[in-house]
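Chain letters run A, B, ... following the sequence lines, proteins first, then strands; residues in each count from 1. Values in this document were obtained by computation on a predicted structure and should not be read as measured data.
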Amino acid sequence: MAQAAAAVDDHGHTTTGISNFKVGFWTFIASECLFFGTLISTYMVYKGRAVVGPYPAEIFDVLITTISTTVLLFSSLAMVLALHAVQLGKKKHAIMWLLAVIAMGGIFLGMEFNSYLKYIDYGLTLGSSTFGSSYYVLTGTHKVHVVLGMVWMAVLIWLIARNRIPPAKAEQVEIAGLYWHFVDIIWIVIFTLVYLIQ
Amino acid sequence: MSSVGTQTVEQQHTSHEEDTGLWSWITTVDHKRIAIMYFVTATFFFFVAGAKALAIRVQLMFPEQELITPEVYNQFFTMHGTTMIFLVAMPMAVAFFNYVVPLQIGARDVAFPRLNALSYWVFLFGGLYLNSSFIVGAAPHASWVGYATLTMPEFSPGQNTNFWLIGLSILGIASIAGGVNFITTIINMRAPGMKLMRMPLFTWMTFVTSFLLITAIPVIGVALIYLGFDRLFGTVFFQPAGGGDPVLWQHLFWIFGHPEVYILILPAFGVISDVIPTFSKKPLFGYPIVVYAGLLIGFIGWGVWSHHMFTVGLGPIADSFFVAATMIIAIPTGVKIFNWIATMWGGSLKFTTAMLFSVGLVAVFTVGGLSGIMHASAPVNLQQHDTYFVVAHFHYVIVGGAMMGLWAGLYYWFPKVRGRYLSETLGKWHFWTTMIGFNLTFFPMHFAGIFGMPRRIYTYSAELNVDIYNQLATIGAFIFALSAVIMAWNLVKSWRGGEKAPANPWGAPHLEWSIPSPPHHYNFPAIPTVQSREPLWNDGEREAILAVTMEEPETEPVMPNPSYWPILLAASITLIWALVMTGIWWVIALAILPVIYCVFKWGMEPAFPEGH
Amino acid sequence: MRLTMKRPQGNRDGSAGVGPGVRTLGARLVAFLVAPLLMGGLMAGCADEYPQSSISPHTDFAEIIHSLYVSIFWWSMLILAVVWLLLAWVIVKYRRKSEDEKPRQIRGHLGLEIGWTIGPALIVIAIAIPTVQAVFATQQPVSEDALEVEVVGHQFWWEFHYPEQGVTTANELWLPVDRPVNLRLESNDVIHSFWVPKLGGKRDVNPVPAVREGQDPKYNWLYFTPQETGVFMGQCAEFCGQSHALMAMRVVVESEEGFQDWVDRWFASEGAALPAGAEPDAETELQMPGEEPDVQEDEELQAVDQDEDPMVTLGRETFLNSTCVACHGVEGTSAQGVIGPNLTLFGARSTLGAGIMENNRENLVRWIIDPQGIKAAVAMPGTEYPGGNWPATGLSDGEVEAVAAYLLSLK
Amino acid sequence: MSTDVKQNEAAGAADHGHDEGHASAAFYVWIGVILAVVTGVEVAIFYIEAMDPYEAPLLVVLSAAKVVLVIMFFMHLKMEPRFLTWVFMAGVVLATFMVSALVVLYHVLPVFGG
Ligand code: HEA
Ligand code: HEA
Ligand code: CUA
Ligand SMILES: [Cu+2]
């Protein structure tokens, strides 16, 4: 009976020692790989097949995109530093870094939307060609992910500010970080396959 | 507590009375209740889709009949296929995952109980949404594979195809959430000593299936997004005039579609890998090989999709690759078949209904597998593709494989769920009417196909001379329908009046049989330690486990709170998806508010009672 | 609707018509029971009973597929026999006799596992090698001097162009025997699939994605050589919408001369309406497709012999002056429409409405009056209902009769 | 897959090494700098015409390296039990397979005439 009583409160216990939340989230990320994999395949399939222009080489400005890409990369750095700060219990630092994440995400989005406007001026729209369709849906989906990430960060800031995330609960930030880094990874792949290898 | 077998239902219900009202079901996060809801819903849809199949069969009984119009016929077979796959076979398997897996691995619940409830409600609402299309007379009509360009707005104006693509994307959410949940559960919630290589085969196949779910569903998800964009926002993904390639849809659909068919069959393989040893009184022959074969089927299943596209004109190199990849799957599947037979070899076989369905599966699935191999030969496929030969193939593997496996599971686990047996007499009737009806329905279809009857036709010319095969099929379908009615009757009757069953009625080896039937809502008073693959078959181990699992705890384990947020969130998700049909962006944008609200409340609600 | 289908005639030389066929239920049940043998190809003689049978090859292409199928079929029977016999054995032998039985707990056997991995693997190889050979063998152009035909799929009919001959026809594909053919497949709307089982496997008829200038569009091809004359039934084998079930076709395999004769008649089709003995109009005969007819309508009508059936004359006039010509073409007349089937030599077709019913006056009249009543979602207006974005034709019953007479006179 | 998980189990369910996983802030900054530098190199390769023949493979390798860095260090996958890598790899491998297969089907095979 003692044995049974001991086991009563064991819902935190797991076979592997890491939390369900983390295992589940990695599983979800594995699933997202296929999601973006499909979007990327489509872009690749239609590469060089657009019937009418504008074609990628005519409109992409690699320098601008390099800047936005780098901003997004550094937002990942800010994210990991935010987590670091949370783990060490440095509340102010954590909030600062998370704000930096949001800000950089915002800059990235701003630059990207600016490019969108330019492309539209050039005549590239959702329906103008397979290039337009696959490009906008691929990068657009990525942007939706960025936006969701920013919302998530904002919630975390709110929680940290209200002392709801002590170092013991740093995992909550860690998982948001997993998400943010994953979104970053996707952009690394998009940057190479879409912008650099034309 | 010395003899598990003699314990009665009443004795088990001494300590705790669960709420039983409607509200308790709506807010439940208990995997066992969710399982029951999954099963009942899937069975309901089975009758709905089966009724359509009967209409199809009546229409095809004689050549050149005009009982139903071509448009209605197209809606019927499309919704028959879509419903059977997404609302019957898959969720019925998920019902078993839900009920059985936590019990088999010694867990109190799945990893994410509320997410589990969400999956169910999303599935239910998605299914109802899909079927509501009949009410407005705009049911999907472009087949369950929805090939472009037939689904483009020029050729499928109106809401029919929108219902289909939106319905499937809603269901996809449920499936991915379910997949994540079961992978996490199996990785993370096993009892001490329950190593991977000690897990019962059903849990193993759930694991593999869940991987297929989380990897395959996103692919069709994206394809559906493309389709929706082509229809609503003027993209040209599948529009030839804009340079889009309709064949890309086929690639994406089948990259999902083939893993999907293994999503259907692997759970059934899992069930019978548990049932056959139990009723043979022998451990599963070649356990690790059977596990690896399952993994291999799941993995190779990813590289064979184009065998649905041999007629598309991919060229000889691609065709050859997909021929080889497809045929290789015969090997691990064969290994499973032979290991099941070897398990029975030298055993002491008891032919309960569960066992009958399992053995029936082995016999019948092989027929379907072999016709699959014929399709897999690309040149032969050029004759067989899109004929009734294919219809015969996949009903043999799905009905004769997946469904029979699940029915085996039903008879096997029902006593655990209810503490009462399903009637074996009715069970045998169910089995034999199934066997006769099923084979009479689908075997003649081989001939219809070979003699030139294409599929998806609402009528056929008398000249083809295939009426006899169609007539046999129609008669068979009604016998089969009778079997479904017998099953339903058995369920209804035995739920209240079935003979009482002890904790381990079949003398089975796995952990789910170590607890009372029906189980406590917390499953295990304390988590037992496992030392082998068949814990209940080793005397010492069994005693140790039963000492823990049959105990009445003084304080009950703390279980997660019930919650109504899953159903509310599911409703708001379905709502926003359905509103996409309007095409009015601000309506859609507004509808996101309830979703956000529900997510927020969900996040703030404590999962466990205070202090845990 | 009751489709009155015309059974395909036997060989054109008139030798082998269709036999009486096994029509009684009992006989068919027998046929059903022996059908497994039939699948093995042992009863190829029964072929005529199943005009769309996929196991009755009449081309090199179909032959390759068939022999492959037969070999895989027997391998499958072997495997099935092994599995079922083993299963039967264990079911009978190891049935539980008493509840106390304690069978030996055997967990596995490496040798067996290896055996039933390698055994099937060998069979798979034995199936896969000839398969791959056949894949390559059937996807190459058969020869240089092949006859090329462009097949265009439409909802719900077939269009055939012969670029070499300059001929366009619909729903009945004429081919010379023993000459290789290359079919180039292309769809005008949704995906269809070209399938004439006795001539070989099917291939999808896809809409061809537009390409940038300088790139080659990708077409699907089918290559085969008909080996026997005769009429072969085929049917669209990819679900293409409401009347997918009613998108059939015929392939008429003729002797070389017969085929050439058909081509010649195609160019002289209007002349064919002349009374026997009269020379076909030289001008019409030489007319090339696409060229504007160089005669005015009135002259055209005058050019025809006065002895012609007045119904035909009236029909021609009505036809040429109504919306029909917006969609239909008839060689040698001002009718140059390309949206619907080309009706040149229409009277020589054995079927109507893409192979779904016999081509006779009664059916034709019904068709012209109400095509959608016969075949749902057809893009052709009837006399009272619009269709295919065209208003109702408004023809009176008498006019319809006349048009039918005219069309049937085009032989 | 199973063997690795077993190893983990052997390692015990005990609270395993979160502490060893905590690198210093400076370490993360270094990784960030390396990522930025690699990106610079990529862009350089894009602009230098002499590199054109090797461009595609080089770029793929470099970006793959970046991805691995992020996963290993920013996402701490290196520090997690091995089977998490397996779960994630299942997704990555299948996605990569799918992308490559479709690229081969659409861009490589047509070169060989199908
Ligand atoms: C439960 C679902 C399920 C399962 C398990 C399978 C299993 C298989 N299927 Fe099937 N299939 C479907 C469901 C399924 N299929 C569906 C739904 C469709 C149609 C979709 C649509 O178009 O609507 C379809 C269509 C389909 C096609 C396309 C047909 C066409 O449209 O042209 C092909 C082609 O290769 C195919 C092949 C196979 C093969 C090779 C297997 C193999 O996995 C079978 C392996 C099993 C065996 C071979 C038997 C046991 C083995 C032995 C005893 C060992 C010895 C054997 C040998 C050496 C050969 N299937
Ligand atoms: C899980 C999968 C599954 C199952 C179980 C079934 C079960 C059956 N299916 Fe099929 N079927 C598919 C999946 C499935 N099917 C798919 C994917 C397609 C392809 C669709 C497409 O081409 O797009 C297809 C297509 C298909 C066709 C081809 C249609 C065509 O191409 O034109 C036919 C034709 O006979 C058919 C028949 C049947 C029959 C007779 C049953 C029987 O087994 C059904 C028996 C069950 C019952 C009869 C239930 C009992 C019902 C009652 C007692 C009725 C009264 C009750 C109420 C109204 C409450 N199915
Ligand atoms: Cu055309 Cu089916
Ligand atoms: Cu498949």
J.: Among D:Leu77, D:Val33, D:Thr96, D:Thr39, which has the most heavy-atom pairs under 4.5 Å with chain A?
T.: D:Leu77

J.: Decide yes or no for A:Ile188 and D:Val70: does some side-chain heavy atom of the first lie under 4.5 Å from some side-chain heavy atom of the second?
T.: yes

J.: Starting from the C-alpha separation in whole Å, work towards a yes-or-no answer on side-chain contact (heavy atoms from CB on, under 4.5 Å) for D:Val43 and A:Phe191.
T.: CA-CA 10 Å; D:Val43 177; A:Phe191 179 61; 3.9 Å; yes

J.: Name the region of A:Thr38, side chain, backbone, both or neither, that has any atom closer than 4.5 Å to a heavy atom of chain D.
T.: both

J.: Closest heavy-atom contact between A:His84 and D:Ala25?
T.: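 Minimum heavy-atom separation between A:His84 and D:Ala25: NE2-N, 3.5 Å.
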
J.: Is any side-chain heavy atom of D:Phe83 less than 4.5 Å from a side-chain heavy atom of A:Ile18?
T.: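 They are in contact (side-chain heavy atoms under 4.5 Å apart), so the answer is yes.
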
J.: Please check if the number of heavy atoms outside D:Lys78 that lie under 6.0 Å from its NZ is greater than 12.
T.: no

J.: Does atom NZ (A:Lys90) have a neighbourhood of more than 12 heavy atoms from anything else shown, all under 6.0 Å?
T.: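 Incorrect, the count does not exceed 12.
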
J.: Would you check if A:Ile197 and D:Val60 make a side-chain contact, meaning some heavy-atom pair closer than 4.5 Å?
T.: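 A:Ile197 reaches D:Val60 side chain to side chain.
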
J.: Which heavy atom of A:Lys22 sits nearest to which heavy atom of D:Leu84, and what is that distance?
T.: CD-CD1, 4.4 Å

J.: Around atom OH of D:Tyr54, are there more than 12 heavy atoms from other residues, nucleotides or ligands closer than 6.0 Å?
T.: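 It does not: D:Tyr54 OH has 12 such atoms or fewer within range.
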
J.: Evaluate the side-chain proximity of A:Thr42 to D:Leu102: yes if any heavy-atom separation is below 4.5 Å, no if none is.
T.: no

J.: Just give me the residue among A:Leu178, A:Thr27, A:Val189, A:Leu193 that pairs up with chain D most often, heavy atom to heavy atom, under 4.5 Å.
T.: A:Leu178

J.: So which part of A:Leu63 gets closer than 4.5 Å to some heavy atom of chain D, the side chain, the backbone, both or neither?
T.: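 Both backbone and side chain.
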
J.: Looking at D:Phe73, D:Phe74, D:Phe88, which makes the most heavy-atom pairs under 4.5 Å with chain A?
T.: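 Most heavy-atom pairs under 4.5 Å with chain A: D:Phe74.
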
J.: Stepwise, does the side-chain contact (heavy atoms from CB on, under 4.5 Å) test hold for A:Arg49 with D:Tyr106?
T.: CA-CA 10 Å; A:Arg49 285 176 177 243; D:Tyr106 273 84; 3.9 Å; yes

J.: Dump the intermediate steps for side-chain contact (heavy atoms from CB on, under 4.5 Å) on A:Val23 and D:Val87, then the final yes or no.
T.: CA-CA 9 Å; A:Val23 175; D:Val87 170; 5.8 Å; no

J.: Hey, could you give me the CG/CD1 distance between A:Asp184 and D:Ile71, rounded to the nearest 0.5 Å?
T.: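 Output value for this atom pair is 10.5 Å.
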
J.: Just so I know, are the side chains of D:His76 and A:Glu174 near enough to count as touching, which here means a heavy-atom distance under 4.5 Å?
T.: yes

J.: Got a second to check how far A:Ser76's OG is from D:Ile31's CD1, nearest 0.5 Å?
T.: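 Between A:Ser76 OG and D:Ile31 CD1, I get 12.0 Å after rounding to 0.5 Å.
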
J.: Less than 4.5 Å apart, side chain to side chain, heavy atoms only: is that true for A:Phe182 and D:Met75?
T.: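 Counting from C-beta outward, A:Phe182 and D:Met75 do come under 4.5 Å.
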
J.: Going from OG on D:Ser63 to CG on A:Leu196, what distance comes out if it is rounded to the nearest 0.5 angstrom?
T.: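 With rounding to 0.5 Å, OG (D:Ser63) is 8.5 Å from CG (A:Leu196).
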
J.: Mind checking whether D:Val103 and A:Val45 have side chains closer than 4.5 Å, heavy atoms only?
T.: no

J.: Taking C-beta and beyond as the side chain, do D:Glu42 and A:Thr192 meet within less than 4.5 Å on heavy atoms?
T.: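 D:Glu42 vs A:Thr192: side chains touch.
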
J.: Show your working on side-chain contact (heavy atoms from CB on, under 4.5 Å) between D:Tyr47 and A:Val62 and close with a plain yes or no.
T.: CA-CA 9 Å; D:Tyr47 278 110; A:Val62 170; 3.6 Å; yes

J.: Using every non-hydrogen atom in the two residues, find where A:Gly37 and D:Ala95 come nearest and quote the distance to one decimal.
T.: CA-CB, 4.3 Å

J.: Sort by residue number and list every residue of residues 97-112 of chain A having at least one heavy atom under 4.5 Å from chain D.
T.: none

J.: Looking only at heavy atoms, which two atoms of A:Met44 and D:Val99 are closest? And how far apart?
T.: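 Smallest interatomic distance, heavy atoms only, reads CG-CG1, 4.3 Å.
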
J.: Do other residues, nucleotides or ligands put more than 12 heavy atoms under 6.0 Å from A:Trp158 CH2?
T.: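 Counting other residues, nucleotides and ligands, CH2 of A:Trp158 exceeds 12 neighbours.
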
J.: If I take atom CH2 from residue D:Trp86 and atom CH2 from residue A:Trp26, how far apart are they, to the nearest 0.5 angstrom?
T.: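 Going from CH2 on D:Trp86 over to CH2 on A:Trp26, the span is 15.0 Å.
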
J.: Taking all atoms of both residues into account, what is the closest heavy-atom pair of D:Gly32 and A:Leu77, and its distance?
T.: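 Looking at all heavy atoms of both residues, the closest pair is CA-CD2, 4.4 Å.
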
J.: Check each atom of A:Leu81 against the heavy atoms of chain D and say whether the ones under 4.5 Å are side chain, backbone, both or neither.
T.: side chain

